[in-house]
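Comments concern the structure below.
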Protein chains: 4
Amino acid sequence: MAKLQKSIQKKAALLKATLHLINNGGIQEASMAKIAKLAAVSPATIYLYFENKQDLINQLYLSVKEMYAKVAFENYESNNPVKKCFEQIWLNMARFKQDMPEESSFLSQCDNTPMIDEETREQGLVYLHPLFSLWERGQAEGIIKEISPYLLYAYTIYPTAFLMNMHARELFKVDNEVLHLAFQLAWDSIKV
Amino acid sequence: MAKLQKSIQKKAALLKATLHLINNGGIQEASMAKIAKLAAVSPATIYLYFENKQDLINQLYLSVKEMYAKVAFENYESNNPVKKCFEQIWLNMARFKQDMPEESSFLSQCDNTPMIDEETREQGLVYLHPLFSLWERGQAEGIIKEISPYLLYAYTIYPTAFLMNMHARELFKVDNEVLHLAFQLAWDSIKV
Amino acid sequence: MAKLQKSIQKKAALLKATLHLINNGGIQEASMAKIAKLAAVSPATIYLYFENKQDLINQLYLSVKEMYAKVAFENYESNNPVKKCFEQIWLNMARFKQDMPEESSFLSQCDNTPMIDEETREQGLVYLHPLFSLWERGQAEGIIKEISPYLLYAYTIYPTAFLMNMHARELFKVDNEVLHLAFQLAWDSIKV
Amino acid sequence: MAKLQKSIQKKAALLKATLHLINNGGIQEASMAKIAKLAAVSPATIYLYFENKQDLINQLYLSVKEMYAKVAFENYESNNPVKKCFEQIWLNMARFKQDMPEESSFLSQCDNTPMIDEETREQGLVYLHPLFSLWERGQAEGIIKEISPYLLYAYTIYPTAFLMNMHARELFKVDNEVLHLAFQLAWDSIKV
DNA sequence: TATGAATGAGTATTCATTCAT
DNA sequence: AATGAATGAATACTCATTCAT
């Protein structure tokens, strides 16, 4: 149906506009008026697709999180050895952060900002479930330290956000070599 | 000078008010009017001490960063062995994040947000100089991996922000035991 | 004709929805969108039956006025003595205000509000013609004071609006006893 | 103090502007922007003097009610006979409605509209206390019917609103002669 | 130094109305 | 006849900033 597709496109345009504006200037710069203008739509139209600004941002968060997960678990073969599996996911995640800097930077902003409802945040977490499973398996196999997944996340996934941030600000270039170095650090910190 | 001190107190009150408001609700909640009210001062008075809102936030950033550094290098004896030195600094930093959650959470927000001028950010970096020196020494002594300080920071200091964040949201309790575990992870990732 | 009747039903539903909304919150609460929703109809559909919002309200006014008149002159036998006739009409009107509080309260709002076109108001007046005739007869018979019908209306019909208003706000209960008292007051004021 | 007076003037100008706009077009026409413009003030300034629109309207209501009462009980000598007293008050009230048509018409709108908080309405009532006292005295003296003050009000005071309304719409001229006629009707309806 | 009053431009959101289908 | 989608203009209200005192 042409109509439905047009609808979907418009919603996508709104999400994209929001993403872009939040990225360049934080929430304060992402006014509904600007979002509408950037999406080439009337302000009133936003409210056909989203309940209010918070809903718009929540939905943006979830949609980006979903994209992130999709990339993270691409080509993921859970039968491979734990380290191999983890490396695959880790590199996928890094690739996402490299290839989609706006999406990635947005997620970083969300992490430390009261921008997203706690409830929505929890919803976003479930996308990472396969990673948590993998860690459990690694621990069962005695390969990964027996510690909270929060610690595992903090020392393997979270640091890449910082690196990509520095990369985006052109303070520190993250190329393939650095990436493999980084994975080494991540693995060193959690392996038994 | 009683007058000068009163001035300093007022400025401090304004910074504190700003910190508090930004922490509970992000920049969007920290309007000049609210800041003034919380600091028991007229809105116009803010402009005696700060050029504008951006300047206020920048100065807040630098003052918090300075406090952070002061705590980080407390009791720091640079003659001690590298690992000992690093542990001292690392634990100091962790303590800061535990004891001053508002200040620490504010710094986290600043990290991934276009809230602070790039220039001001750089100024904030110099406070951490002793840590960078220590890492250089560690690398010279062959104890720490020969990699960019950005990587070292990403895998040793940055993760604690995540942990404290989770702690603040009551998702993961960070006690002394966890803290020492965390330091272990940090060290494992960068030691040769 | 099934089709025509469906049309009439829809129009009636729209009028009823408007009535209800205006009553609970005044015009400001009766947006076209809300009216449409309450009538289970698309906003665009309203414009098939009414030219615009003002027309909708005008038509509502006239339809309610018509209902009012229908009740007011129910069982009206113009051969009876004047006082008897008047009492009949007066009690009918009071009954309408009791039994149809929404309609009645709406008419009250219209009375003192620039909600209704002057022209439409005049149209509404004609429904009351039999009452004016009765008064003329009463005056010819020397039973009713020789004064303007506006005065007669002000002191016999208009007061009931106030009483019903107080009743609706639960400030003053208007039961049958009060009603007959009220009629007595009305009659006392205009009788010769 | 010149400053204080300027403040009071501005508040008065805002109240007056609101009164005028509500009178010509109802609440819907009295937007904050229009009120500000008519009072020659920025929209933001309104909020220095009033909490929000509802507060503005409530305060307007109370201030008009107060003026009304001031006029109503002018030259009121409570030692005079009941009828004389009542006539004095009644004529004062009528004079108010004649001389201050905007204020009077506004009060009429308030009567039948969900424009004013119930609480504020009650506050407005106390201004009329002396009238209620007088009625009680009249009842004690056996001059006025032993009925609820709501009935007394409905048949003596309330009708004038209708008359003035008609007068304002140029449908029925209310001159001095009519006024005395009207008082006669009022008195006839409540006297024993 | 310190302020309360003032503001124009901006905020998120809703409005009555239209139009392609 | 009926609609869902769309909109520019309006809504109440807040903003960062200024200025006379």
Side-chain angles (χ1 to χ4, degrees), chain A residues 1-4 6-7 10-11 27-37 40-56, chain B residues 3-4 6-7 10-11 27-37 40-56, chain C residues 3-4 6-7 10-11 27-36 40-56, chain D residues 1-4 6-7 10-11 27-37 40-57:
Chain A
M1 216 123 293
K3 223 173 190 178
L4 179 58
K6 217 173 156 191
S7 242
K10 214 163 260 187
K11 190 167 179 179
I27 296 199
Q28 32 179 5
E29 285 299 305
S31 73
M32 297 303 255
K34 280 186 195 161
I35 291 168
K37 193 172 229 172
V41 141
S42 155
T45 302
I46 302 183
Y47 293 85
L48 295 177
Y49 296 93
F50 305 96
E51 245 176 74
N52 50 35
K53 192 177 181 181
Q54 186 62 60
D55 181 42
L56 165 57
Chain B
K3 233 177 186 175
L4 179 58
K6 213 175 156 194
S7 243
K10 217 165 258 189
K11 191 168 178 177
I27 297 199
Q28 30 180 8
E29 283 300 303
S31 72
M32 296 302 257
K34 279 186 197 161
I35 292 168
K37 194 174 221 176
V41 142
S42 158
T45 303
I46 302 183
Y47 291 84
L48 297 177
Y49 296 94
F50 306 96
E51 243 175 77
N52 51 34
K53 194 177 181 182
Q54 185 62 58
D55 181 43
L56 165 57
Chain C
K3 234 179 187 172
L4 179 58
K6 214 174 157 193
S7 243
K10 218 167 257 187
K11 190 167 178 179
I27 297 199
Q28 30 182 6
E29 283 300 304
S31 73
M32 297 302 257
K34 280 186 197 160
I35 291 169
V41 142
S42 157
T45 303
I46 302 183
Y47 291 85
L48 297 178
Y49 296 94
F50 306 95
E51 242 175 79
N52 50 34
K53 194 178 180 181
Q54 185 62 59
D55 181 41
L56 165 57
Chain D
M1 216 125 295
K3 224 176 188 175
L4 179 58
K6 219 174 155 189
S7 243
K10 216 164 259 188
K11 191 169 179 177
I27 297 199
Q28 36 179 3
E29 284 299 305
S31 73
M32 296 305 254
K34 280 186 196 161
I35 291 169
K37 194 173 229 173
V41 142
S42 155
T45 302
I46 302 182
Y47 293 87
L48 296 177
Y49 297 93
F50 304 97
E51 246 177 74
N52 49 38
K53 193 178 180 180
Q54 186 62 60
D55 181 42
L56 165 57
I57 291 176

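Because the structure is a prediction, the values reported are computed rather than measured. A note on names: the letters A, B, ... follow the listed sequences, proteins ahead of strands, and every chain is numbered from 1.
Within 4.0 Å (heavy atoms only), D:Phe50 reaches no atom of the nucleic acid at all. Backbone-only contact: D:Met32 has heavy atoms under 4.0 Å from sugar-phosphate atoms and none from a base. Note on B:Ser31: only backbone sugar-phosphate atoms sit closer than 4.0 angstrom, heavy atoms only; bases stay farther off.
Taking the nucleotide of DNA chain E with the nearest heavy atom to each of D:Val41 and A:Glu29, the more 5' of the two is matched to D:Val41. Judged by closest nucleotide on DNA chain E, C:Ala33 is the one of C:Ala33 and C:Ala44 placed further toward the 5' end. Residue whose closest nucleotide on DNA chain F sits further toward the 5' end, between D:Lys34 and B:Asn52: D:Lys34.
Atom CD in A:Gln54 sits roughly 15 Å away from atom C1' in E:dT13 (whole-Å rounding). If you measure from atom CD1 of A:Ile27 to atom P of E:dT11, you get 14 Å, rounded to the nearest angstrom. In this structure, OH of B:Tyr49 is placed 7 Å from C1' of E:dT1, rounded to the nearest angstrom. Atom CG in D:Leu48 sits about 13 Å away from atom P in E:dG8, given to the nearest Å. Following rounding to the nearest Å, A:Ile46 (CD1) and E:dT11 (P) show an atom-to-atom distance of 12 Å. Rounded to whole angstrom, the span from the CD atom of D:Gln28 across to the P atom of E:dA16 amounts to 9 Å.
Put simply, chain B comes within 4.0 Å of DNA chain F, heavy atom to any atom, from F:dC15 to F:dC19, going 5' to 3'.
Phosphate contact (OP1/OP2 of E:dA2, side-chain N/O of B:Ser42, threshold under 4.0 Å): absent.
In DNA chain E, consecutive stretches of 3 or more Watson-Crick or G-U wobble pairs with both distances under 3.5 Å are given as paired ranges: E:2-21 with F:2-21.
Here the OG1-NZ distance, from A:Thr45 to A:Lys11, works out to 14.0 Å after rounding to the nearest 0.5 Å. Expressed to the nearest 0.5 Å, how far NZ of C:Lys53 lies from CE of C:Met32 amounts to 7.0 Å. A:Tyr49 OH to A:Asp55 CG: the interatomic distance, rounded to the nearest 0.5 Å, is 14.0 Å. Considering OG of B:Ser42 and CD1 of B:Ile46, their distance stands at 8.0 Å, rounded to 0.5 Å. The CZ atom of D:Phe50 lies 5.0 Å from the CG atom of D:Leu56; values are rounded to the nearest 0.5 Å.
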